[in-house]
Asker: 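Quick one: the structure is below, questions incoming.
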Amino acid sequence: MASSTLESEVGSSPSTGRTFFGHPRGLATLFMTETWERFSFYGMKALLFVYMTAKAADGGLELNIATAAAVVSVYTAMVYLLALPGGWLADRVLGARRTVLLGGLTVILGHFMLAVPGKPMFFLGLVPIAIGSGLIKSNISTMVGHLYDGPNDPRRDGGFTIFYMGINLGSFLAPLVIGTVGQKVNWHLGFALAGVGMALGLIQYMLGSRHLSPRSSVVCAPLGAAERRTLLRRAGIWLAAAALFYGTLVGTGHFSSGWLIWPLSLAGIAIPVVVFARIRRDKELTGAERSRINGYVWFFVAAAIFWMIYDQSASTLTLFAEQHTDKNVFGFSFPSSWFQSLNPLYIMALAPVFAWLWNVAARRNRNPSTTAKFAFGLLMIGASFLVMMLAMAAASGDTSVTPMWLAVVYLIQTVGELTLSPVGLSVTTKLAPAKYASQMMGIWFLAVTAGDCVAAIAQLLLGDQVVGSTWYFAVQGLLAVAAGFGLFSVRGRVGRLMGDVH
């Protein structure tokens, strides 16, 4: 009875009956919330590497290149890793609606901490931004789904398409606005502007919350009193241990960024391994489900390799844009952060094209298999770094090369992303065992965590002389291309593991 009551309230505004392009009014609220959240997230990320490597005389932190690149990689990894506890918090404690609100407030706090000059406040500020972003990422898409009357609502796919455009709209505008303010005016003003963006999104989220589905406020599996006490006790012990350990390091003058980067990177690699081992040992799984998980591991590893390269747009590609690229076009000068607007621009232009292509191929029974699409995505991401190898060779000495090099690299990466990322989301839901249906999307995000953590460790080990060099791009590009051909060669084996899932 309660369930049907909730479903009857989902849809257009109960008071006016108005819709948002034919969709429930709540979609407008979530669209704008996500647009502003992505504006703040990608705006800050566009400044992250250039601020850390800028000279102290220019207001930067003057970190070495390898350390700054590793910080970017670990920060991105933690955002996706924290999506898992973010989903758990919504399911067991707060519900999705309040979790998103808490996430937004936490993100705002972090951005305004970054607005305060000084290295300690900068690194401390990254923590609440990562936590808040994880809380939002794991729940706001779920709330979009709550607006519709089940998975068969004919408006559902269109609603997610509109929502997806909001993500890319915010991602496109952020480097142009926040990047310009941060690089041309003041770093900390740019970080503050990111906080203002999130605040605007949160204000309209609260004003429009009456249009959201009542299901978004439901706590699906509330914690019992005993569970809550146990959780608080364990969390308190871990937090106290961490505070004691790092407090001792700081107090004795032995603290360095490596004491954060190394433990987080190793954890980001170990956690997916432990998760898959636990699932595969689960005796409640059927033989078919266990086989599908074995097949899914291939896709997970492929995705980790893909994101390891793709997410370097905010580090090594930004380094190339800053040091080796001519940033003057027809007499107009622009900051290096603007290049990070290319990917969302390409996605908005190409996503409808790819959706059309897959539909046409499916109608003609020529739709490539999931394994083939993943292999193509790996070939594309590898090819992008081989192009970067050529770009680095062209930029030898003090030569500044044409921005077309990066424009082509981002285009190739976007084609790879559109081949792998949406397909990965789909195959995750198809191969998920019934027992782990809700958790598998969080496990998919762990591929990003694992890939970025591998990148962070490699960057620390290789050092400034190698990170961002010709050989750096060449080796990773060849690795991804080899992985793509390797995956394609075992497509039959992977297909058999997938069983009746296509």
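When reading the values below, keep in mind they use all heavy atoms of this one structure, side chains included, and skip hydrogens, waters and symmetry mates.
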Asker: Taking the side chain as every heavy atom from C-beta outward, state whether L350 and V415 have any pair of such atoms under 4.5 Å apart.
Answerer: yes
Asker: Any donor-acceptor pair under 3.5 Å linking the side chain of S384 with the backbone of I381?
Answerer: yes
Asker: Which heavy atom of V467 sits nearest to which heavy atom of I65, and what is that distance?
Answerer: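 Looks like CG1-CG2, 4.1 Å.
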Asker: Backbone N or O of G166 within a donor-acceptor pair of the T35 side chain at under 3.5 Å?
Answerer: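 Yes; at least one donor-acceptor contact below 3.5 Å.
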Asker: Once you round to the nearest 0.5 Å, how far does CE of M78 lie from SG of C453?
Answerer: 4.5 Å
Asker: Could you work out, with salt bridge (Lys or Arg N to Asp or Glu O under 4.0 Å) as the rule, every residue matching R292, not counting sequence neighbours?
Answerer: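 For R292 the salt bridge (Lys or Arg N to Asp or Glu O under 4.0 Å) partners, ignoring immediate neighbours, are D500.
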Asker: Would you find a donor on one side and an acceptor on the other, under 3.5 Å apart, between the side chain of R491 and the backbone of T371?
Answerer: no
Asker: Using the salt bridge (Lys or Arg N to Asp or Glu O under 4.0 Å) criterion, which residues pair with D464? Sequence neighbours excluded.
Answerer: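 Expected list: none.
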Asker: Test your reading of the model: is there a side-chain donor-acceptor pair from T29 to the backbone of Y205, 3.5 Å cut-off?
Answerer: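 Checked: no pair found.
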Asker: Nearest heavy-atom pair of A68 and M52: which atoms, and what distance?
Answerer: O-CE, 3.4 Å
Asker: Tell me if the CZ atom of F354 is crowded by more than 12 foreign heavy atoms within 6.0 Å.
Answerer: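 Enclosed: over 12 neighbouring heavy atoms sit under 6.0 Å from CZ of F354.
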Asker: Going by atom types alone, do R97 and S217 pair a side-chain donor with an acceptor below 3.5 Å?
Answerer: yes
Asker: Just say parallel, tilted or perpendicular for the rings of F306 and Y310, cut-offs at 30° and 60°.
Answerer: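 Ring orientation, 0 to 90° scale: parallel.
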Asker: Give the minimum heavy-atom separation between I140 and F163, together with the two atoms involved.
Answerer: CG2-CZ, 3.8 Å
Asker: Do you know which two heavy atoms are closest between S313 and T318, and how far apart they sit?
Answerer: O-OG1, 2.8 Å
Asker: So K373 and T370, side chain to side chain contact (heavy atoms under 4.5 Å, CB included) or not? Walk me through it.
Answerer: CA-CA 5 Å; K373 290 176 181 177; T370 298; 5.7 Å; no
Asker: Measure the CG-OG1 distance between D311 and T449 for me, rounded to the nearest 0.5 Å.
Answerer: 9.5 Å
Asker: So do the side chains of L446 and F300 get within less than 4.5 Å of each other, counting heavy atoms only?
Answerer: yes
Asker: Tell me, with the steps shown, if I261 and V71 meet side chain to side chain contact (heavy atoms under 4.5 Å, CB included).
Answerer: CA-CA 7 Å; I261 296 173; V71 169; 3.8 Å; yes
Asker: Nearest 0.5 Å please: distance from the CG atom of L169 over to the CG atom of L345.
Answerer: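 Going from the CG atom of L169 to the CG atom of L345 covers 11.0 Å.
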Asker: Examine distances only and state if a side-chain atom of S469 and a backbone atom of V466 form a donor-acceptor pair shorter than 3.5 Å.
Answerer: yes
Asker: Taking C-beta and beyond as the side chain, do F374 and V423 meet within less than 4.5 Å on heavy atoms?
Answerer: yes
Asker: Hey, mind stepping through L378 and F488 against side chain to side chain contact (heavy atoms under 4.5 Å, CB included) and telling me if it holds?
Answerer: CA-CA 10 Å; L378 285 173; F488 187 76; over 6 Å; no
Asker: Looking at S213 and L147, would you say the former's side chain and the latter's main chain have a donor-acceptor pair under 3.5 Å?
Answerer: no
Asker: Tell me, do L101 and L94 make a side-chain contact under 4.5 Å, heavy atoms counted?
Answerer: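 When only atoms from C-beta onward are counted, L94 and L101 do not touch, as no gap falls below 4.5 Å.
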Asker: Could you list the donor-acceptor pairs under 3.5 angstrom formed by side chains in residues 475-487, with sequence neighbours left out?
Answerer:
{"unit_1": "Q476", "atom_1": "OE1", "unit_2": "Q312", "atom_2": "NE2", "d": "2.9"}
{"unit_1": "Q476", "atom_1": "NE2", "unit_2": "Y472", "atom_2": "O", "d": "3.4"}
{"unit_1": "Q476", "atom_1": "NE2", "unit_2": "Y472", "atom_2": "OH", "d": "3.4"}

Asker: So how far is it from L317 CG to T325 OG1, rounded to the nearest 0.5 Å?
Answerer: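 These two atoms lie 9.5 Å from each other.
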Asker: Hydrogens and angles aside, do Q459 and S73 bring a side-chain donor and acceptor to less than 3.5 Å of each other?
Answerer: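 Side chains of Q459 and S73: pair found under 3.5 Å.
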Asker: Not counting sequence neighbours, list each pair that qualifies as a salt bridge (Lys or Arg N to Asp or Glu O under 4.0 Å) and has a residue in residues 345-372.
Answerer: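 Every pair satisfying salt bridge (Lys or Arg N to Asp or Glu O under 4.0 Å) with a residue in residues 345-372: there are none.
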Asker: Under 30°, 30 to 60°, or over 60°: which ring-plane class applies to Y296 and F276, parallel, tilted or perpendicular?
Answerer: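 Geometry flag for F276 against Y296: tilted rings.
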Asker: Apply side-chain hydrogen bond (donor to acceptor under 3.5 Å, both in side chains) to N294 and list each qualifying residue two or more places apart in sequence or on a separate chain.
Answerer: R280
Asker: OH/Y75 to OH/Y80 distance, rounded to the nearest 0.5 angstrom?
Answerer: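 It comes to 10.0 Å.
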Asker: Which pairs count as side-chain hydrogen bond (donor to acceptor under 3.5 Å, both in side chains) when at least one residue sits in residues 226-235, sequence neighbours excluded?
Answerer: R92-E227
Asker: Give the minimum heavy-atom separation between A69 and F49, together with the two atoms involved.
Answerer: N-CE1, 3.7 Å
Asker: Roughly how far apart are T419 OG1 and M380 CE, rounded to 0.5 Å?
Answerer: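 Result: 7.5 Å between the selected atoms.
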Asker: I'd like to know whether L418 forms a side chain to side chain contact (heavy atoms under 4.5 Å, CB included) with Y346, so could you lay out the CA-CA distance, the side-chain angles of the two residues, the decisive distance to 0.1 Å, and finally the verdict.
Answerer: CA-CA 10 Å; L418 290 171; Y346 288 148; over 6 Å; no
Asker: Taking side chain as C-beta onward, heavy atoms only, is W307 less than 4.5 Å from S421?
Answerer: yes
Asker: Please confirm whether the backbone N or O of L390 pairs with a side-chain atom of T470, one donor and one acceptor, at under 3.5 Å?
Answerer: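 Judged by distance alone, no pair lies under 3.5 Å.
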Asker: Look only at the side chain of N168 and the backbone of Y164, and say whether a donor-acceptor pair between them is shorter than 3.5 Å.
Answerer: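 Between the backbone of Y164 and the side chain of N168 there is a qualifying donor-acceptor contact (under 3.5 Å).
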Asker: Would you check if the side chain of S265 reaches a backbone N or O of I457 as a donor-acceptor pair within less than 3.5 Å?
Answerer: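 The answer is no, because no donor-acceptor pair under 3.5 Å joins these two groups.
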Asker: For E37, is there any backbone N or O sitting under 3.5 Å from a side-chain donor or acceptor partner on S40?
Answerer: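 Side chain of S40 to backbone of E37: a pair is present.
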